[in-house]
Student: 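There's a structure below that I have some questions on.
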Amino acid sequence: MNLSGPTPCLVSVLIRVLNEEHALRRLFECLRIQKLDRPFEVVVIDNESDDGSAKVARAMGARVFTFPRSLFGYGRAINVGTKLCRGDLIVLLSAHSWPQGDDWLGRMVHCVEDRDVAAAYCRQLPDEGVCQQERTRSNLFAEHNYKLDSEWLVQRCKSGEDVYEVCCFSNAAAIVRRDAGLRFPFRDLPFAEDRAFVLDCVMAGYSIAYLSTACVAYQQPAGFRNFYRVGRAAAISSRLIRELGSEAIGTDLHKSELVRKFVRLLYKPVEILGRTIEGLLRDRGQLRRATHYAATSCAASLGCIVGELTWHSYRKTTCCDSSVLLLAEESIKTVTPENVIYSDPKTCDVRVAIY
């Protein structure tokens with residue numbers, strides 16, 4: 001297959017990495033077995049990893065670029081990566097999202113072949129050994145396929161549903177049409193920039209699809225600090241997205257949850273005590289697990305309250321700072337020759353072409 005000339009229907013797999021060498025090895029193995037009827041490349045945005053993440057990606061034939069930590073943002077990394085990708089369809093993956101089955105990539109690509117669909121995301125299943133919060137998180141993903149368009153979004157919001165929940169999306173495992181990604185760059189939100197992307201696309205006349213039949217195994221760091229960060233960032237972003245939704249739909253969608261979250265935080269000691277007693281009565285080995293759950297739950301609740309109190313100061317993040325984005329593009333460093341991974345539609349073998 002000669003890939004030195006124009007390559008029609010090229011698919012780009014864009015992976016964001018920070019010190020995830022082992023996760024990246026597993027991800028490349030998942031990509032290696034994918035059966036796809038068209039070529040695909042792998043582009044890795046490395047956030048100045050201290051381990052061998054860039055080396056692993058380079059050895060597997062990916063195009064690797066270094067993104068400076070000082071300018072990093074989840075939305076910025078995707079925006080810059082979109083411009084670096086050469087495919088018309090861009091698959092977004094976190095290094096700790098591992099596709100299940102050899103037809104995952106094909107299902108994702110097929111889902112956005114309709115020009116009206118700007119992007120699609122898939123179901124996430126908890127990987128082995130993840131904490132209880134991650135297992136609970138996986139229940140948020142629907143059991144059936146659906147498409148979200150502007151009519152359905154407005155109808156659900158005006159009926160009282162939270163626009164933050166209606167615009168559900170996860171760029172940890174998704175696919176975006178390149179033209180949509182360039183037209184609607186991800187905003188500089190501290191969290192849930194993918195949900196704001198959904199709001200932008202849908203209100204512009206596109207639809208967003210969800211695939212329950214395609215899934216990835218997902219794992220997120222489960223430390224106290226990470227849960228506090230996520231809780232705080234989620235609270236900030238949910239308020240900002242409600243503000244964006246109010247402007248786009250023309251209906252006041254603001255919804256303060258400070259009181260409810262504060263009550264939940266006060267309830268935590270009771271929940272912790274109950275889980276501790278339950279663990280001691282059933283199995284003393286469960287005590288450590290119960291303690292971990294209690295600590296991370298408290299961290300998330302505390303982060304939510306802090307976010308509710310400070311979200312006003314983040315209003316500037318609802319835009320995409322073009323000056324910072326330009327600086328980030330100029331700071332990008334190429335770490336490898338331009339390689340492309342492709343799948344042979346006849347044999348389904350994945351090979352590397354260097355040109």
Student: Check Leu24, Leu92, Val91, Val43 against Ile15 for a side-chain contact (heavy atoms from CB on, under 4.5 Å) and give me the one that passes.
Tutor: Leu24
Student: Before giving the answer on side-chain contact (heavy atoms from CB on, under 4.5 Å), spell out for Lys147 and Asp114 the whole-Å C-alpha distance, their side-chain angles and the decisive distance to 0.1 Å.
Tutor: CA-CA 12 Å; Lys147 285 185 180 180; Asp114 183 348; 3.8 Å; yes
Student: Verify the neighbour count for atom CZ of Phe169: are there more than 12 heavy atoms of other residues, nucleotides or ligands below 6.0 Å?
Tutor: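 More than 12 within 6.0 Å, yes.
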Student: Salt bridge (Lys or Arg N to Asp or Glu O under 4.0 Å) between Asp252 and Arg242: does it pass, once the steps are laid out?
Tutor: CA-CA 8 Å; Asp252 186 6; Arg242 288 169 194 145; over 6 Å; no
Student: Looking only at non-hydrogen atoms, find the nearest pair between Leu148 and Trp152 and report the distance.
Tutor: CD1-CE3, 3.6 Å
Student: Does some side-chain heavy atom of Ile45 sit less than 4.5 Å from a side-chain heavy atom of Leu14?
Tutor: yes
Student: Would you confirm whether Asn145, through its side chain, and Leu211, through its main-chain N or O, come within 3.5 Å as a donor-acceptor pair?
Tutor: no
Student: Please find the pair of heavy atoms, one from Cys85 and one from Ile90, that lie closest to each other, and give the distance.
Tutor: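 Distance-wise, the nearest heavy atoms are CB-CD1, 3.9 Å.
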Student: Give the minimum heavy-atom separation between Phe197 and Ala119, together with the two atoms involved.
Tutor: CE2-CB, 3.8 Å
Student: Would Asp102 and Lys35 count as a salt bridge (Lys or Arg N to Asp or Glu O under 4.0 Å) here? Give the steps.
Tutor: CA-CA 6 Å; Asp102 59 8; Lys35 297 177 181 179; 3.3 Å; yes
Student: Pair Asp46, Ser53 - check side-chain hydrogen bond (donor to acceptor under 3.5 Å, both in side chains), show working.
Tutor: CA-CA 8 Å; Asp46 179 53; Ser53 296; 4.9 Å; no
Student: Side-chain contact test, heavy atoms from C-beta onward, threshold under 4.5 Å: evaluate it for Glu48 versus Leu18 and give yes or no.
Tutor: no
Student: Rounded to the nearest 0.5 Å, what's the gap from CG on Leu189 to CD1 on Ile241? Could you check?
Tutor: 5.5 Å
Student: Without hydrogens or angle criteria, can the side chains of Thr317 and Asp188 be said to hold a donor-acceptor pair below 3.5 Å?
Tutor: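 Absent: no donor and acceptor within the cut-off.
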Student: Go through Glu29 and Arg26 one step at a time and tell me if the salt bridge (Lys or Arg N to Asp or Glu O under 4.0 Å) criterion holds.
Tutor: CA-CA 5 Å; Glu29 181 59 28; Arg26 179 178 172 183; over 6 Å; no
Student: Any link between Leu125 and Ile33 through a network of hydrophobic side chains (Ile, Leu, Val, Met, Phe, Trp, Tyr) touching at under 4.5 Å?
Tutor: no
Student: Please find the pair of heavy atoms, one from Val117 and one from Ala209, that lie closest to each other, and give the distance.
Tutor: CG1-CB, 4.1 Å
Student: Return each pair, listed once, that meets side-chain hydrogen bond (donor to acceptor under 3.5 Å, both in side chains) where at least one residue sits in residues 191-211; pairs must be two or more places apart or across chains.
Tutor: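 Sorted result for residues 191-211: Asn171-Glu193, Arg183-Tyr206, Arg187-Asp200.
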Student: Which heavy atom of Cys201 sits nearest a heavy atom of Ala118, and at what distance?
Tutor: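 What the structure gives for the nearest pair is SG-CB, 4.1 Å.
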Student: Mind checking what makes side-chain hydrogen bond (donor to acceptor under 3.5 Å, both in side chains) contact with Gln100, not counting sequence neighbours?
Tutor: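 With neighbours one apart ignored, the set is empty.
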Student: Can you check whether Pro99 reaches Leu27 side chain to side chain, under 4.5 Å on heavy atoms?
Tutor: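 Sidechains of Leu27 and Pro99: in contact.
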Student: So which heavy atom on Ala95 is nearest to which on Val17, and how close?
Tutor: CB-CG2, 4.1 Å
Student: Say you draw a straight line from SG of Cys111 to CD of Glu113; how long is it, rounded to the nearest 0.5 Å?
Tutor: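 Reported to 0.5 Å precision, the distance equals 9.5 Å.
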Student: Nearest 0.5 Å, what's the CZ-CZ distance between Phe191 and Arg229?
Tutor: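 Taking CZ in Phe191 and CZ in Arg229, the distance rounds to 8.0 Å.
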Student: Answer whether the closest heavy-atom distance between the side chains of Val44 and Phe65 falls below 4.5 Å.
Tutor: no
Student: Using atom types as modelled and distance alone, determine if a side-chain donor or acceptor of Asn47 lies under 3.5 Å from a backbone N or O of Phe67.
Tutor: yes
Student: Hey, does the side chain of Gln34 reach the backbone of Cys30 with a donor-acceptor pair shorter than 3.5 angstrom?
Tutor: yes
Student: Could you measure the distance from the CD1 atom of Ile175 to the CG atom of Leu105? Nearest 0.5 Å is fine.
Tutor: 7.0 Å
Student: Counting distance only, does the side-chain N/O of Thr310 pair as donor-acceptor with the main-chain N or O of Val306 below 3.5 Å?
Tutor: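 Looks like yes, one N/O pair under 3.5 Å.
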Student: Arg86 and Arg178: side-chain contact (heavy atoms from CB on, under 4.5 Å), yes or no, with the steps?
Tutor: CA-CA 9 Å; Arg86 295 178 295 211; Arg178 190 173 192 273; over 6 Å; no
Student: Quick one: are Tyr121 and Phe141 in side-chain contact, heavy atoms under 4.5 Å?
Tutor: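 Yes, close enough: below the 4.5 Å cut-off.
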Student: Please check this pair: side chain of Arg63 against backbone of Glu41, looking for a donor-acceptor N/O pair closer than 3.5 Å.
Tutor: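 Not a single qualifying donor-acceptor pair exists.
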Student: A side-chain contact here means heavy atoms from C-beta on lying under 4.5 Å apart; do Arg123 and Glu143 qualify?
Tutor: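 The answer is yes; the side chains approach within 4.5 Å.
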Student: Is there a donor-acceptor contact under 3.5 Å linking the side chains of Asn79 and Thr82?
Tutor: no
Student: When you look at Arg315 and Glu243, which way does the salt bridge (Lys or Arg N to Asp or Glu O under 4.0 Å) test go after all the steps?
Tutor: CA-CA 9 Å; Arg315 277 179 167 158; Glu243 194 166 81; 2.8 Å; yes
Student: If you apply the rule side-chain contact (heavy atoms from CB on, under 4.5 Å), what do you find for Lys83 with Leu182, and how did you get there?
Tutor: CA-CA 8 Å; Lys83 294 184 178 181; Leu182 294 175; 4.0 Å; yes
Student: Can you check whether Cys304 reaches Arg232 side chain to side chain, under 4.5 Å on heavy atoms?
Tutor: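 The answer is no, as the side chains (C-beta and beyond) never meet within the 4.5 Å cut-off.
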Student: Taking the ring centre of each residue, are Phe184 and Phe186 less than 6.0 Å apart?
Tutor: no
Student: Please list all pairs meeting salt bridge (Lys or Arg N to Asp or Glu O under 4.0 Å) that have one or both residues in residues 10-21, counting only residues at least two apart or in different chains.
Tutor: Glu21-Arg25
Student: For the side chain of Asp103 and the backbone of Gly106, is there at least one donor-acceptor N/O pair under 3.5 Å apart?
Tutor: no
Student: To the closest 0.5 Å, what do you measure between CH2 (Trp104) and SG (Cys122)?
Tutor: 5.5 Å
Student: With heavy-atom distances below 4.5 Å as the criterion, would you say the side chains of Trp98 and Val216 are in contact?
Tutor: no
Student: Nearest 0.5 Å please: distance from the CG atom of Leu36 over to the CZ atom of Arg107.
Tutor: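 Leu36 atom CG to Arg107 atom CZ measures 13.0 Å (nearest 0.5 Å).
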Student: Before you tell me yes or no, could you show the steps for Met60 and Val42 under side-chain contact (heavy atoms from CB on, under 4.5 Å), namely the whole-Å CA-CA distance, both residues' side-chain angles and the distance that decides it to 0.1 Å?
Tutor: CA-CA 9 Å; Met60 295 301 293; Val42 177; over 6 Å; no
